[in-house]
Amino acid sequence: MRSANNSVEPSSFPDDAGADYFIREYRTAVNPARRDLLENKPPLLILSTSADAPESHTHRVLEALRWALGPEYKRVPHTVLYAEEDVPLLTVQAGTGLEFDIPRRSTPDRFPNFWLMADVVAQIQESRPGGGLGARKLRGHVYRQRAERGGLPGLLWHMGGTDTAPIGGVYGFFVGLVWHSLTRTLPRWIWARRQNRRLVRSKRSGWLGKHLNATAGGAPVFELLDQVGARQSPRLSLEPSHPRHKEGLTALELLLLRALLEDLRKPAVGRLLPKRRRRVARPVLLVEIPPEGAPGADAAERFLRALHTLQAGLDGPGPLVIAVGHPSGSLQADLGVERTNLRRASSLLHSSNPRPVVVPLEDEPFERPGLQIPPVQPRKFTMGWRAVTAVELTALATLLVGGALAPGFWETPPDTRCVGGDRPAAAGSQTERVEVRPKEWYQDVLNRINKQNQEAEKYADERAVRTVVLFESTPPTTAEDTIFDGAIPELRGVAMWQQRLIEDAASDASRVPLRVEVRKAGAGFREAVRAVRDLIREVGQENSGKAYEQIVGVLGFAQSTKETQEAVKELGGIGMPMVGTTATADEMQQSGSYWPFTPANSTEAGIEAAFAADSPLVAKPGQTDPHAPAECVPAGHAVIVRTPDDLYSESLADRFQQAFKGGETVISFRQDSQPFATQAGTQKATTADQLVGQVCQALKAEPDTAVYWTARAKDFTAFVRAMDTNGTCIENDLTVLGGNELTNVALTGQYADKDWLRLYHSAHRLPEEDSRASAKTKDFVRQYNRQYPQDPWRQDGHSAVSYDAFHVLSRAVDNAGSTVRRESVLTALRNNITFDGATGVVSFSEFSSGPPKRKTLVILRQSAGEPEAVVACGAYSLTAPKQQDSPCRD
């Protein structure tokens with residue numbers, strides 16, 4: 001490995017614009033004040049030196065970043081990856097470097113996946129074209145390498161004696177047949193079965209099976225790996241410059257890096273095992289990028305492409321990766337990098353944005369003294385883990401003795417009271433659905449917005465007036481379809497804030513009145529990309545129009561779809577300020593100018609998974625007394641219903657599956673004639689009746705099963721009706737937990753007559769009558785009910801979310817200065833906008849364009865009367881506790 005001591009100024013970072021911010025946030029990204037901040041997934045950051053800059057510029061930056069992680073010894077697990085011509089796979093260097101010279105008194109991360117794959121890859125690289133070892137020989141070779149690394153396999157292997165100098169006679173027969181079987185053959189067989197179960201068959205951790213697209217019941221692990229070798233070894237035998245040779249190296253890099261990233265998942269926090277709480281800082285990989293065509297350039301860029309391919313789809317935060325040097329144009333195009341400056345990049349270090357970022361570094365700062373990055377100071381341990389273990393074992397023994405003396409003291413009967421009461425969703429008096437008049441209501445609110453636009457334009461002669469665009473799905477034309485769409489309550493919330501803004505402008509000269517253009521993006525936002533491209537063309541020609549027609553921001557994108565995801569990305573390309581509403585998928589974060597307003601799916605799924613696994617919400621079977629209170633238990637199993645090719649559904653389902661502690665059955669459900677693929681281990685349903693049969697089968701096998709619904713509300717209504725019609729497994733009630741998608745329908749009484757349904761779903765504000773709701777929330781609900789007394793969605797959060805989201809955007813416009821340009825609005829959005837709103841406390845971080853900090857998330861229980869909030873997380877009021885119990889995630 002090349003030394004970094006040849007830099008111009010070993011421990012100084014070039015004093016480029018924004019370097020102060022970057023140094024500060026680099027240190028806190030590596031060593032945050034709170035451990036939970038390590039759960040962020042920082043983007044790949046590329047610091048790009050100029051094309052003709054000398055190699056010393058790259059080394060100076062790398063050394064400055066490395067020096068902060070431990071000038072004398074490692075304070076943080078890290079390594080610098082120098083691209084050398086004879087090291088084609090940088091992941092080998094990464095895994096080896098992270099395991100070497102660990103911080104003092106720290107327990108090192110174990111790398112079982114990495115070292116196993118490293119041994120396999122090394123063997124593949126050494127094998128002849130078409131002449132693989134075979135699965136058994138590969139297994140034997142890898143196990144021998146594992147034994148050489150010590151531990152119980154190594155002890156048993158060496159107990160078996162030497163492989164040379166064969167022993168004859170009866171004693172030799174005994175050694176070969178019995179002793180070697182006990183010390184080598186049997187342990188190797190057990191080890192191989194464990195690897196097969198862990199890497200391929202496990203639904204939760206079988207990453208290799210997923211990586212190689214192998215089914216849970218497919219070939220054993222070493223057969224799969226031997227097949228990889230058989231495919232790649234002919235390619236590796238070609239000249240290094242041959243495209244197929246590079247393709248083979250890419251496949252091996254992906255395999256190795258996937259294994260390393262699996263090993264670098266954040267370990268569990270606390271509990272009784274000190275070895276599980278020793279990583280207190282984020283691992284760091286620093287990568288040198290040589291100029292295109294230089295030795296090692298292909299290896300560096302191959303590593304970064306592999307990282308980008310894997311990073312977005314993997315659970316867990318992963319390491320912080322910073323590459324420095326000369327990225328080629330093809331690399332930047334393949335990664336889809338976002339170009340920015342050091343100050344903006346420093347804020348992205350705290351976000352969970354998988355999109356790579358490139359920061360061009362100027363040459364001039366390298367010609368003068370730079371800035372030292374002070375060494376990080378992560379938590380130090382005063383005792384080694386063995387000493388801590390001894391203390392904890394002593395304390396545990398004391399507790400056990402005390403428990404033996406007073407056994408009754410430790411016995412706490414489980415709480416079997418059903419969360420939110422023991423009654424199902426049906427209400428004895430509420431069996432009729434609420435009347436919905438979609439065309440009339442939609443047109444009424446459009447007329448209100450148009451009238452308020454005219455009122456806003458009246459201010460144009462005396463102050464700045466600007467325009468925002470609200471993207472909405474094309475409204476349904478039937479009452480039946482309208483209940484599945486949140487457009488009407490969302491428009492009403494926007495109209496209410498616009499009215500408030502115009503009224504305030506009459507007495508407050510600092511307020512900027514805003515016009516609202518409502519633009520349709522197709523049914524289900526399927527035409528969002530076309531609508532956005534039309535807007536981009538108009539923005540390029542707007543200088544010829546009236547000043548109040550200048551568009552300074554965008555609202556909306558109420559659904560997470562692949563179309564809205566692409567729309568956000570394209571608007572981000574022109575720097576358009578955007579504030580989302582109820583789109584919750586993490587994957588929507590495609591631009592640094594997009595601020596989602598509601599908690600991301602990763603947050604929601606984590607809360608809901610903990611709620612399902614720890615709270616009694618599933619009715620216990622066998623309860624025959626109708627007059628006795630129902631008893632419930634936590635969900636030990638979940639049937640996860642997802643819609644394939646739906647960004648919202650797939651995102652929420654994946655994250656719930658990762659977070660849920662019980663067993664799960666995954667069903668891909670879509671009601672159309674278009675064929676769709678399913679993942680390994682996933683069932684498939686194309687009709688509601690078929691889905692009912694699969695759910696009932698799961699309930700019969702595991703009575704403590706809850707259904708986790710991530711498909712759309714229209715599909716849920718079809719499922720509920722089919723379940724009610726079939727009546728095959730509703731005698732013990734059915735518990736369903738779902739996202740905000742179900743709120744629109746539930747509040748219109750669609751399920752009011754289903755006395756077998758126990759329904760829980762998320763929302764984004766507390767009900768008006770909840771004692772925890774803030775005064776602002778109650779005031780908003782009173783105003784809404786007064787203006788729209790017949791609204792079936794008055795307890796829904798869509799209107800409150802759009803009201804507050806528009807408040808955020810208008811606050812940024814107010815703070816943008818006298819010119820009120822999009823650039824100044826973006827700057828204002830990044831300046832930590834905070835207020836108490838209809839949905840609770842709204843507070844955006846000044847370092848990230850992610851959702852507001854501690855944003856309110858509520859789980860409602862649909863009951864006989866008004867919905868009841870059984871879980872309330874986040875800052876739902878100014879007095880909400882900062883530290884909240886499970887299932888909330890602070």
Side-chain angles (χ1 to χ4, degrees), residues 28 32-40 266 268-271 277 350 352 379 412 415 417-421 584 596-617 634 655 659 661 737 739-740 760-781 795 797 800-801 803-804 807-808 832-848 850-861 866-890:
T28 56
R34 301 199 323 266
R35 183 187 172 107
D36 62 302
L37 296 177
L38 288 172
E39 295 182 6
N40 294 336
K266 187 170 69 69
V269 180
R271 300 180 184 171
R277 59 173 187 260
H350 300 276
S352 291
R379 175 189 171 189
T412 302
D415 186 0
R417 294 173 297 177
C418 301
V419 178
T584 57
F597 188 80
T598 45
N601 280 350
S602 53
T603 299
E604 177 177 336
I607 292 172
E608 290 167 344
F611 171 70
D614 300 334
S615 305
L617 71 164
R655 284 163 172 79
K661 294 184 292 188
L737 173 61
N740 188 57
Y760 301 86
H761 53 90
S762 67
H764 298 300
R765 73 160 176 83
L766 283 163
E768 178 187 15
E769 301 303 324
D770 195 291
S771 60
R772 295 164 291 187
S774 69
K776 286 288 186 180
T777 298
K778 294 178 180 179
D779 181 62
F780 169 80
V781 177
Q795 292 289 16
V801 166
Y803 181 87
D804 279 351
H807 185 173
V808 170
N832 192 20
I833 291 177
T834 299
F835 58 85
D836 189 8
T839 57
V841 177
V842 177
S843 179
F844 284 92
S845 170
E846 63 178 310
F847 302 119
S848 171
K853 297 177 291 186
R854 300 184 68 236
K855 190 69 192 72
T856 303
L857 184 77
V858 179
I859 297 180
L860 300 178
R861 165 74 196 281
E866 297 293 346
E868 177 184 352
V870 295
V871 171
C873 297
Y876 41 80
S877 71
L878 292 171
T879 58
K882 290 187 177 181
Q883 298 297 325
Q884 297 180 328
D885 297 331
S886 179
C888 298
R889 306 174 73 193
D890 291 327

With side chain to side chain contact (heavy atoms under 4.5 Å, CB included) as the criterion, how do Val842 and Ile833 come out once you've worked through the C-alpha distance, each side chain's angles and the decisive distance to 0.1 Å? CA-CA 8 Å; Val842 177; Ile833 291 177; 5.8 Å; no
Val858/His764 under side chain to side chain contact (heavy atoms under 4.5 Å, CB included): CA gap, chis, key distance, verdict: CA-CA 6 Å; Val858 179; His764 298 300; over 6 Å; no
Without placing hydrogens or testing angles, list every side-chain donor-acceptor pair under 3.5 Å for residues 603-615, not counting sequence neighbours.
residue	atom	partner	partner atom	Å
Glu604	OE2	Ser762	OG	3.0
Glu608	OE1	Tyr708	OH	2.4
Asp614	OD1	Lys661	NZ	3.0
Ser615	OG	Phe611	O	3.1

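Judged by distance alone, the side chains of Lys855 and Thr839 do bring a donor and an acceptor atom under 3.5 Å apart.
With sequence neighbours left out, the side chain to side chain contact (heavy atoms under 4.5 Å, CB included) criterion links Arg772 to Leu766, Asp770, Ala869, Ala872, Tyr876. Under the side-chain hydrogen bond (donor to acceptor under 3.5 Å, both in side chains) criterion, Thr879 pairs with Ser877, sequence neighbours left out. Residues forming a side-chain hydrogen bond (donor to acceptor under 3.5 Å, both in side chains) with Thr856 (at least two apart in sequence, or on another chain): none. In this structure, Thr598 has no side-chain hydrogen bond (donor to acceptor under 3.5 Å, both in side chains) partners at least two apart in sequence or on a different chain.
Each of Leu860, Val871, Val419 was checked for a side-chain contact (heavy atoms from CB on, under 4.5 Å) with Tyr760, and the lone residue meeting it is Val419.
The two residues Gly837 and Ser774 make their nearest non-hydrogen contact at O-OG, 4.2 Å. Here the closest heavy-atom approach between residue Lys778 and residue Ala773 is recorded as CE-O, 3.6 Å.
Proximity of Ser843 to Arg854: side-chain heavy atoms (C-beta onward) are nowhere separated by under 4.5 Å. Counting only heavy atoms from C-beta outward, the side chains of Pro596 and Pro851 approach each other to under 4.5 Å.
To the nearest 0.5 Å, atoms CZ (Arg765) and CG (Leu857) are separated by 14.0 Å.
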